[in-house]
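Here the structure is a predicted model, which means the values were calculated and not measured.
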Amino acid sequence: MRVRRLLALPVLAALLTGCGIRATEVPTDFGPAPSRVACSASSPDVSTQSSRGLPVQVFLLCGSSLVAVDRTVSVEDGTADSLRRVQVAQELLNQLAAAPSAGEQEAGYTTTVRDGMTVSGPRPDDPDDTLRLSFPPDALTDSALAQIVCTFSDSAAAEGDGSVILGGPDKATLRSYECTDEVRTDPSSRKPPSSEVTGG
């Protein structure tokens, strides 16, 4: 019995000294402590959505890529489809121009879409699905245009094939834009591919 007690003493001493890793005077640098994962898809932030509305997604910049985040927009009941598209597009544009929530900013989200931009429907000679911005699409930065095109193409504002016909306030030729994987990956240097639209 006495032998067992003597053998147990070294074990007890080792447990009392902690984890058993010796301190070292050699400097080590393993980088900063891990932080929470940034740019992850998020649920709607309470501060950025109303209690009722149409669930949508908008594309914000995070790092060097576009990332979809959840939002809600308000559309009046009984609105005709042609006007509904424009209302949804304007709500999405407003969401893109608004500053990301505090939590989103902490996670690294930003936007390059300017505030105050408006969108209207087609002119008499335009195709029915045309959306005209108050600022010429070609004059937008690549990243702002990518945010708008990718957000519109993933919403009720898009055509059936996901492309988006955009024009500006001037008489410049309308163009049909697409949101591709390459654009979502590198929106700052890859303009959304587009093709000229002719005829109404």
Side-chain angles (χ1 to χ4, degrees), residues 37-45 48-49 53-75 84-101 103-105 107-122 126-168 172-197:
V37 178
C39 305
S40 60
S42 63
S43 299
D45 193 273
T48 60
Q49 65 168 336
L54 178 71
V56 295
Q57 287 190 320
V58 299
F59 282 84
L60 300 181
L61 288 165
C62 198
S64 59
S65 305
L66 288 181
V67 181
V69 297
D70 297 322
R71 292 285 190 271
T72 58
V73 298
S74 300
V75 179
R84 181 183 176 85
R85 286 184 66 252
V86 176
Q87 283 188 9
V88 169
Q90 184 63 61
E91 289 285 338
L92 291 172
L93 206 54
N94 294 343
Q95 292 285 350
L96 286 171
S101 68
E104 289 167 345
Q105 289 181 36
Y109 290 94
T110 60
T111 184
T112 56
V113 177
R114 62 171 58 198
D115 190 20
M117 196 184 308
T118 60
V119 61
S120 59
D126 293 343
D128 293 340
D129 295 329
T130 301
L131 294 171
R132 284 189 172 272
L133 302 175
S134 59
F135 198 78
D138 285 345
L140 296 170
T141 63
D142 288 352
S143 58
L145 182 59
Q147 283 186 258
I148 293 171
V149 169
C150 289
T151 296
F152 283 1
S153 69
D154 195 38
S155 74
E159 293 189 78
D161 61 357
S163 61
V164 184
I165 298 177
L166 294 180
T173 304
L174 299 172
R175 301 193 71 83
S176 177
Y177 294 88
E178 295 180 41
C179 177
T180 62
D181 290 339
E182 291 78 14
V183 170
R184 286 190 290 267
T185 301
D186 190 11
S188 297
S189 60
R190 290 183 180 271
K191 189 183 289 290
S194 64
S195 57
E196 186 175 315
V197 176

Report the C-alpha distance between R84 and L54 in whole Å, list the side-chain angles of each, state the deciding distance to 0.1 Å, and finish with yes or no for side chain to side chain contact (heavy atoms under 4.5 Å, CB included). CA-CA 12 Å; R84 181 183 176 85; L54 178 71; 4.2 Å; yes
Calculate, to the nearest 0.5 Å, the distance between atoms CG and CG belonging to L133 and L140 respectively. 6.5 Å
Could you state the interatomic distance from SG (C150) to CG (L145), rounded to the nearest 0.5 Å? 9.0 Å
Specify the closest pair of heavy atoms between T130 and R85, including all atoms of both residues, with the distance to one decimal. O-NH1, 4.3 Å
Of L92, V88, L93, which meets side-chain contact (heavy atoms from CB on, under 4.5 Å) against V119? L93
Say whether, by atom type as modelled, one donor and one acceptor occur between the side chain of R132 and the main chain of G168 under 3.5 angstrom. yes
Might you point out which heavy atoms bring A99 and Q105 nearest each other, and give the distance in Å? CB-NE2, 4.2 Å
Shortest non-hydrogen pair, E182 vs R190, comes out as O-CD, 3.3 Å
Return the OG to CG distance between S163 and D129, rounded to the nearest 0.5 Å. 8.0 Å
Identify the two heavy atoms, one from A89 and one from L131, that lie closest to each other, and give their separation to 0.1 Å. CB-CD1, 4.0 Å
Is any side-chain heavy atom of V69 less than 4.5 Å from a side-chain heavy atom of V58? yes
Judged by atom type as modelled, is there a donor-acceptor pair below 3.5 Å linking the side chain of S134 to the main-chain atoms of T118? yes
Salt-bridge contact D138-R175 (side-chain N to carboxylate O under 4.0 Å): no
Side-chain donor or acceptor of T151 paired with backbone N/O of F59 under 3.5 Å: yes
Here the pair of heavy atoms bringing A146 nearest to P187 is CB-CB, 3.7 Å
Candidate list D142, T111, T141, test side chain to side chain donor-acceptor pair (under 3.5 Å), partner Q147, passing option: T111
Applying side chain to side chain contact (heavy atoms under 4.5 Å, CB included), run through V56 and Q95 and close with a yes or a no. CA-CA 10 Å; V56 295; Q95 292 285 350; 5.7 Å; no
The single option from D186, T110, T112 that satisfies side chain to side chain donor-acceptor pair (under 3.5 Å) with S143 is T112
Nearest heavy-atom approach of R184 to C179 is NH1-SG, 3.2 Å
Separation between CG of L66 and CG of L60, rounded to the nearest 0.5 Å: 8.5 Å
